[in-house]
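Data block below; observations after.
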Protein chains: 2
Amino acid sequence: MTENADSATSDEKIFFYGKIQELPDDVIDTLSNDSVVFGCDDSTLKVLLVRHAEGDSAGEWALPGGWVRYNESVDDSAVRMLQHLTGVHDIYLEQLHVFSDVHRVPHRRIITTAYYALIRPDDHAIAAGFSTYDVRWVDIHDLPELIYDHADIIDMALHRLRHKVRHEPIGFNLLNKKFTLLQLQELYEAILDVKLDKPNFRRKMLKMNLLISSNEKQTGVSHRAAKLYEFDEAVYHELEQQGFNFEI
Amino acid sequence: MTENADSATSDEKIFFYGKIQELPDDVIDTLSNDSVVFGCDDSTLKVLLVRHAEGDSAGEWALPGGWVRYNESVDDSAVRMLQHLTGVHDIYLEQLHVFSDVHRVPHRRIITTAYYALIRPDDHAIAAGFSTYDVRWVDIHDLPELIYDHADIIDMALHRLRHKVRHEPIGFNLLNKKFTLLQLQELYEAILDVKLDKPNFRRKMLKMNLLISSNEKQTGVSHRAAKLYEFDEAVYHELEQQGFNFEI
DNA sequence: TTTATAATAGTTAAAAAGACTATAAGCTTG
DNA sequence: CAAGCTTATAGTCTTTTTAACTATTATAAA
């Protein structure tokens, strides 16, 4: 990052569509970022949306986004916005697509680079102090109407997530560092909208040797506690070098 | 497209890094596109590069690219540039990534959206009349030094191609509409840098039911002529709906 | 007609996927 | 504390797929 994200202290750092005329003077006025932030709660897939309380687009739901500054990359602008929004510093974040239709924003030419991010349950609490807008986790099956082309962006992000999650071990970024095999299975079921066989899923996962079996167990459940596992990034990268292909 | 690509008649429509100060006045001066154009010849994977004859970057190799106009999307700007460069109108083209490091271009802030394109052998001839620069197919294993971050862009494009070609039937866009099974196999071998077993590859391909067996055969070969096949896009999209997953 | 080259067909063993059944562990409630 | 419930975990068996081969056939060219 070009600059410390925490230097951002005011709400204006987050994309405020309703105040589009009052741009800070250190941003490129045609370029924005928008992020589809995924989270998984109660085995349902959710997206983080914001709603502005003032301005032209007050009351309308939108993806969280922000402007790109002259002295930062587009990626950095997205990281900065997300850190400010969620308070989390090691977010899984990937570029999704550039949306640049001439008429995607009325009366303005704004080209946005869309991202998708994966957030762990432990980090679902949203940083407080956002007086000028609502921030909310919304079930992916129950999205409200969104401004501009944001519905298209979510649509593409969901397709990308569904595809990528089957071919690369990125799903782990939607779980806490330590998780049970059933949590992992339910995550896949939520994302892919399928039902999986428990013993087979379990066997397949374990055979890949990508899970570190911790000695800890689940707590606070009213049944036999399952063992907690951790994703082994080091082993994955090693296997990847050797041509290993993660597949669900 | 916002505008007919053929309205472009001069070389200035293609990114001319050496003349960066002499921008047309209908472009967004911070935004460009750059494309990694892949082609497969003699079972080797190649990339289309340009070399400018005049200006600051004369003599240096670069990816073909262009500016984004106010009245077109970034995607359209890439299509326009590629059509002008290759003369081909139905190019397979996908967004790759936005490269936006503050210092990627010296003394200038230029944010580029990178694309990758796949060109069929039949279309490898480059449209004539590019007086101000060289255009050349270069073996992927034998790349010259490139300006700016273009080597990184090719690197990412190659990774993306290698990954995507294994999971989606896009490889066909690097072959002519009609091809033999051995050509297809050699294409995969060239892209993935592996050796495949002929009978097994053949069986696997045919079992997918994605190939229309034409009644035609190869001509001009000094051995038994192989049957020509065509990729069946319609069947693929149907199977895709049903959850079918292309895998090599 | 021989020869070279690649097309195409077939075989077999090992591995993986899929659909199950069975048992064990541990909380909860009467 | 025992019965019952829920989930963890182990194991079986069948079907498919993959992988490594061998064998045969067609065709242009010498």
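So that the names make sense, note that chain A is the first sequence line, chain B the second, and so on, each numbered from 1.
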Inset, instruction - Could you check whether B:L181 gets within reach of a base, just the sugar-phosphate, or nothing at all, counting any heavy atom under 4.0 Å? - result: nothing
Legend entry - Note: A:E247-A:R166 ion pair, threshold 4.0 Å (strictly below): no
Legend entry - Gap between atoms CZ and P, on B:F201 and C:dA7 respectively (whole Å): 12 Å
Inset, instruction - Please test B:E60 against B:R51 for salt bridge (charged side-chain N to carboxylate O under 4.0 Å, His left out), starting from the C-alpha separation and ending with a verdict. - result: CA-CA 6 Å; B:E60 297 187 82; B:R51 184 168 59 175; over 6 Å; no
Inset, instruction - Give the rounded distance in Å between these two atoms: CG of A:L182 and C1' of D:dT9. - result: 12 Å
Legend entry - For B:E240, all residues meeting salt bridge (charged side-chain N to carboxylate O under 4.0 Å, His left out), sequence neighbours excluded: none
Legend entry - Atom-to-atom span, NZ of B:K227 to C1' of D:dT27 - whole angstrom: 16 Å
Legend entry - Parallel, tilted or perpendicular: rings of B:H167 and B:H163 (30°, 60°): tilted
Legend entry - Length of the CD-C1' vector between B:Q183 and C:dA7, whole Å: 13 Å
Legend entry - Side-chain heavy-atom pair B:F172, B:L184 within 4.5 angstrom cut-off: yes
Legend entry - Within residues 236-248 of chain A, residues whose heavy atoms come under 4.0 Å of DNA chain D: none
Legend entry - Atom-pair distance (CD on B:Q185; C1' on C:dA6), nearest Å: 12 Å
Inset, instruction - Measure the spacing between CE of B:M156 and CG of B:L161 and express it to the nearest 0.5 Å. - result: 14.0 Å
Legend entry - Euclidean distance, atom CG of residue A:N209 to atom P of C:dA16 [Å, nearest integer]: 12 Å
Inset, instruction - Quick one: closest heavy-atom pair of B:G39 and B:W137, and the distance? - result: N-CZ3, 3.4 Å
Legend entry - Base versus backbone protein contacts along nucleotides 20-30 of chain C [heavy-atom cut-off under 4.0 Å; B, S, -]: BB--BBSSS--
Inset, instruction - Would you name the heavy atoms of B:D139 and B:H141 that are closest together and state the gap between them? - result: OD1-N, 2.7 Å
Inset, instruction - Please state how far atom CZ in B:R202 lies from atom C1' in D:dT18, giving the value in whole angstrom units. - result: 18 Å
Legend entry - Whole-Å gap separating C1' (C:dA14) and NZ (A:K207): 12 Å
Legend entry - Pairwise distance CG(B:D142) to OG1(B:T44) - rounded to 0.5 angstrom: 10.5 Å
